[in-house]
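Worth saying up front: this structure is predicted, and the values here are computed from it rather than measured. Here is how names work: the chains are called A, B, and so on, in the same order as the sequence lines, proteins then strands, and each is numbered from 1.
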Protein chains: 2
Amino acid sequence: MVSQKRVTARSSRVKALPIRSPGAERGEGRVQHGDRTSGRRYTACMSTGASLLGRRASIIDVAERAGVSRQTVTRAINDMPGISAATKQRVLDAARELQYRPSRFGRGLVSRGTPTLGLVVVDLTNGFWAELASAVLDEATERGWTVLIAETSHDARSAVATLLDHVDALFGLVDVPETELDELVGPTPIVLLDPKPDLRRRAWVRLDFESAMADAASHLVSKARRRIVMLDWSRSQPRSERATSFVHAVEGLGLDPLVLRHTATSEPSIDLGRLAAEEALVQWPDLDAFVCFNDPIAVGALKACQAVGRSVPADVSIIGVDGSAVGLVVTPELTTLSFDFRELARTAFSTLLASVEGSLADGGPAAHRPVRPQLVVRGSS
Amino acid sequence: MVSQKRVTARSSRVKALPIRSPGAERGEGRVQHGDRTSGRRYTACMSTGASLLGRRASIIDVAERAGVSRQTVTRAINDMPGISAATKQRVLDAARELQYRPSRFGRGLVSRGTPTLGLVVVDLTNGFWAELASAVLDEATERGWTVLIAETSHDARSAVATLLDHVDALFGLVDVPETELDELVGPTPIVLLDPKPDLRRRAWVRLDFESAMADAASHLVSKARRRIVMLDWSRSQPRSERATSFVHAVEGLGLDPLVLRHTATSEPSIDLGRLAAEEALVQWPDLDAFVCFNDPIAVGALKACQAVGRSVPADVSIIGVDGSAVGLVVTPELTTLSFDFRELARTAFSTLLASVEGSLADGGPAAHRPVRPQLVVRGSS
DNA sequence: CTGAAAGCGCTTACAG
DNA sequence: CTGAAAGCGCTTACAG
C-alpha cells in the first residue's frame, strides 16, 4: 500500500516518494518542519485559510505527529482496547493539535454507516409537512436510520438531486412527470406519498379518504347541512383524490356535490383558503358547510366566514384535512380528518423495505396498505 | 491492487485468489454461473433477501458483467465523454440488471462530497423550529450545503450522536452541560443558538432582545398599559434572556416588572401558555398586558383571556416572540417580536465559517453579530 | 475509445 | 501493546 510506504519513508530513510498528482493542489501550504521531510506533512498552522471544505488532517497525519501507526490512532480515537494509556494520550493530543476529525467517507466505506433516508417535503412551515417530518424522524431514529430533509418549495429537482448524493432511499412528494422521475431518481429506492396515478408504478403510500369523507358527510347531514362545498386544491390534476372521495360521500347521501376547483398556482395556504371561500360564498350564497383540501385552507375559510359575519358553526360548518396543530389554535377549533402521522411514517418505512425486497424479486412495488384519516369533531362543525 | 487482480483473474486464467476475509460474510449467496468462477460474482438473484443495509453491487460487479474495466463503468454512469455508445449501453444495462447504485462513501472519498450541516432542533411541530429549519435549508442550498436535521425532543444526546456520523458541522440548540457538550460533539465545529452563559466558549449566535423589548414596552405604555406581566419559560436557568431584557425595558419606563416564572418541565407550548396565563390572572388580577416567552405561549394566553371573558386587546394586550405563522392564525392576530429567520440562518453560517477559521488561528470563537427581533404590531395589542 | 495504476481515509483481521 | 497488509468503492490522471 502506498499510503503505508509514506509512514515507512518517514521512519527509516527519505527516499523518492511516489508521484502523487492530487498532491499538487495541496502544494501551497506544505510546510517543512524540523527534520521531517515527508511530502504529506500537515500541521495546524498550514491549515489557516482552509475551510470546512478544504483538506483536513487525516489519520496518517495524526499517526506521523504522534509517531505511531494508523491502527494505533484508530484504537485511540475509537476507544478500543489494546493501547497503553500513555500512547493513547499522545495520539489524542496529536489529534487535537491537528484538529483531526475522522472522515465520514473513509469510515463509511468500511462500516457501511447507518442507513439514511431522504425525506422530500414541500414546505416545513406547513403543519402537515412539519408533523410528517417529525414523525418520520421519530420512526427513523427507532429503526436506526438517519433522516435528511429537503424542501421542494423552491426547486424540487435540485433539492432531490442534492439529497440523492447522501441517502440510501427516498420518501415524500416529488411532483414531476413520470419520465423525469426516472431520470432524476435513477436506481435509488423511493416511496412516493400519495402520487398521481401516472407515478404509481413506483412504490407509494396510499392515502384513502373514502371512509373518512363518508363519516364527514354523515356528520354534516346530522347537523342539518345540505349545501356542502368542497374547497379543493391540486397543482396538476383536474381534481384531488380527496375531492373524489368527497363527491362519492355526498352523492351517497343523495346530495349535490359542490366542488370549487381553485386554479391558483400557489401552495394550499391560509390565504388561498380565504380567497377560495370568498369565491364560494359568492357562487353558492346558500352554502352551509365547507369541506377543505387541508387545514390551512379550512382556517382560511373560517377567517372568510368571520369576515363576512357568517357564524361558525351556527351558519356554516367547516371541516379540514390534516389534523395538524393549526386546527387547535383557531376559535372555534377545527373539525378535521386527522392523520396518524406516526402510522404514516411506519407505513412509509415498511413499504420501502418491502419494495426493495419486492423489486429484487419481480421488479414491481410491494402491495400498498392505505393510510386512512379519522374524523375528529371539534367546534367548527 | 487486489480488486484489479480479480478482473484480471476472470479475464485470463483462474488462479488462487488472495484471501479475503470480509468475503466470508458474503459466502452465502455466492453463485457459480456459467464458466465464470470469480469469487466476487454478484448477480441480481443472489441479492434476494438483501436489505438496503446489505451488500450491494459495486462498480466491479458491473464491470465484470459488462466485460469492461471500472473506468469504463465510471464513464457510462457519470455521462462522461470518451466512451462508445454501444459500450455505454452495455454498461448501463448491466448496472440496471444488478441494481447498481454508486456508493456515496466511495464517491465521497474521492470527491469529498458536498459539505453537510447538521441542524439540531427541539421540535419541528413548533413553528419557531419549523421556520428556522426552512430558512436554514434555503440558506444552505444557496451555499451548496446539504442539511441533516435531528429533533432533540426525545433524546438530545442520541440525536446529536447520530447526526455526528454524517455531518461536517452542527448548528442549533444542544441543551446539555458544558462538559458533556465537549464529550458529545468532540472536534466537530458547532454553532450554538443562543446558549446559556456556560456554553459560550463555543461559537454561538446571540439573540438580542434589548431593543425589541424596549419597543414593546413603549408600545404597551402608549396603549395605557401599566401592569405588564411577562410569561417566562426556561428549562435550566432562573430567568430567560428575553425576560431579563423585559425587566430592563419595563424598569426603564418606571414601571414594576412582573415576571411569572413557570417551573414546568414541558416545552413552551400553547397549553403551557394557557396554564401560565391563568396563574398570572389569579396572581395579578389587575394585569393589563402579557409579554410572552414565545408565540405559542402568547396564543395560550390569548385563549386563557378569552376563556375568562377578558377582551383582547380591549382589556388585555398580548405580545409574543417569534413571528411564526401561528400568530397570523389567531383572532385577533398576534403582536410579536419577529425574527428574520433567513438572517438568523445567514448569521449561523457566517459564524460557522468564521469559527472554523478563527479557531484555527487562536482557538477561540469568532466575534458575534447578534440577531435582533423586530416589534410587529398586530391586533392583539 | 479503453484500461492499468494510484490514491482518497478509514478499519479489520492477523502477526508479532 | 503495536504495526504491516489488505480491503472497502470510487475517480482522476495517464498511457496506449
Side-chain angles (χ1 to χ4, degrees), chain A residues 1-8 11-12 17-26 39-40 42 55-63 66-78 80-88 90-91 100-113 165, chain B residues 1-8 11 17-26 40 42 55-63 66-78 80-88 90-91 100-113 165:
Chain A
M1 286 240 88
V2 171
S3 51
Q4 206 61 31
K5 270 190 209 146
R6 286 191 210 119
V7 173
T8 311
S11 55
S12 51
L17 289 161
I19 299 141
R20 297 182 3 269
S21 7
E25 71 191 10
R26 299 185 221 124
R40 212 170 184 288
Y42 182 90
R55 163 147 163 68
R56 303 194 310 220
S58 81
I59 196 172
I60 302 245
D61 300 310
V62 177
V68 297
S69 70
R70 287 137 81 196
Q71 298 81 311
T72 300
V73 175
T74 290
R75 290 189 188 97
I77 296 292
N78 297 328
M80 299 165 81
I83 181 172
S84 74
T87 307
K88 185 169 183 173
R90 196 148 40 91
V91 171
Y100 171 69
R101 286 179 288 135
S103 152
R104 65 178 188 272
F105 300 114
R107 207 169 243 184
L109 207 50
V110 176
S111 66
R112 216 167 291 276
D165 284 345
Chain B
M1 288 237 87
V2 172
S3 51
Q4 206 61 31
K5 270 189 209 147
R6 287 189 209 120
V7 172
T8 310
S11 55
L17 288 161
I19 300 142
R20 295 180 9 266
S21 6
E25 70 191 12
R26 298 185 221 125
R40 211 170 185 288
Y42 182 90
R55 161 145 164 72
R56 303 195 310 220
S58 79
I59 196 170
I60 302 245
D61 300 309
V62 177
V68 297
S69 70
R70 288 136 80 194
Q71 298 83 310
T72 299
V73 175
T74 290
R75 289 189 190 100
I77 297 290
N78 296 328
M80 297 165 80
I83 181 172
S84 74
T87 308
K88 184 167 183 175
R90 196 147 39 90
V91 171
Y100 170 70
R101 285 180 290 133
S103 152
R104 64 176 190 273
F105 299 114
R107 207 168 241 186
L109 208 51
V110 176
S111 67
R112 213 169 292 279
D165 284 344

State whether A:Thr72 places a side-chain N or O below 4.0 Å from either non-bridging phosphate oxygen (OP1 or OP2) of D:dG3.
-> yes
With sequence neighbours left out, write down each residue that passes side-chain contact (heavy atoms from CB on, under 4.5 Å) with A:Leu109, or none if nothing qualifies.
-> B:Ser103, B:Phe105, B:Leu109
Below 4.0 Å: OP1/OP2 of C:dT2 and any side-chain N or O of B:Ser84 | yes
The nucleotide from C:dG9, D:dT2, D:dA13 with an atom nearest the side chain of B:Arg75 is D:dA13
Within the pair B:Arg107 and D:dT11, is there a side-chain N or O less than 4.0 Å away from OP1 or OP2?
-> yes
Of the nucleotides C:dA4, C:dG9, D:dG3, which one has an atom closest to the side chain of B:Leu109?
-> C:dG9
With respect to the side chain of A:Val110, which nucleotide from D:dC8, D:dT12, D:dT11 is positioned closest?
-> D:dC8
Work out which heavy atom in B:Arg56 is nearest to a heavy atom in B:Asp61; give both atom names and the distance.
-> O-OD2, 4.2 Å
Under a cut-off of 3.5 Å for both distances of each Watson-Crick or G-U pair, what dot-bracket string does DNA chain C give, using [ ] for crossing pairs and | for inter-strand pairs?
-> |||.||||||||.|||
Is the phosphate of C:dT11, meaning OP1 or OP2, less than 4.0 Å from a side-chain N or O of A:Ser111?
-> no
Name the residue closer to the 5' end of DNA chain C, choosing between A:Phe105 and B:Pro81 according to the nucleotide with the nearest heavy atom.
-> B:Pro81
Sugar-phosphate only, base, or nothing, as touched by A:Thr87 at under 4.0 Å among non-hydrogen atoms | sugar-phosphate
OP1 or OP2 of D:dC8 under 4.0 Å from side-chain N/O of B:Ser103 | no
Given C:dT11, C:dT2, C:dG3, which nucleotide is nearest the side-chain atoms of B:Val68?
-> C:dG3
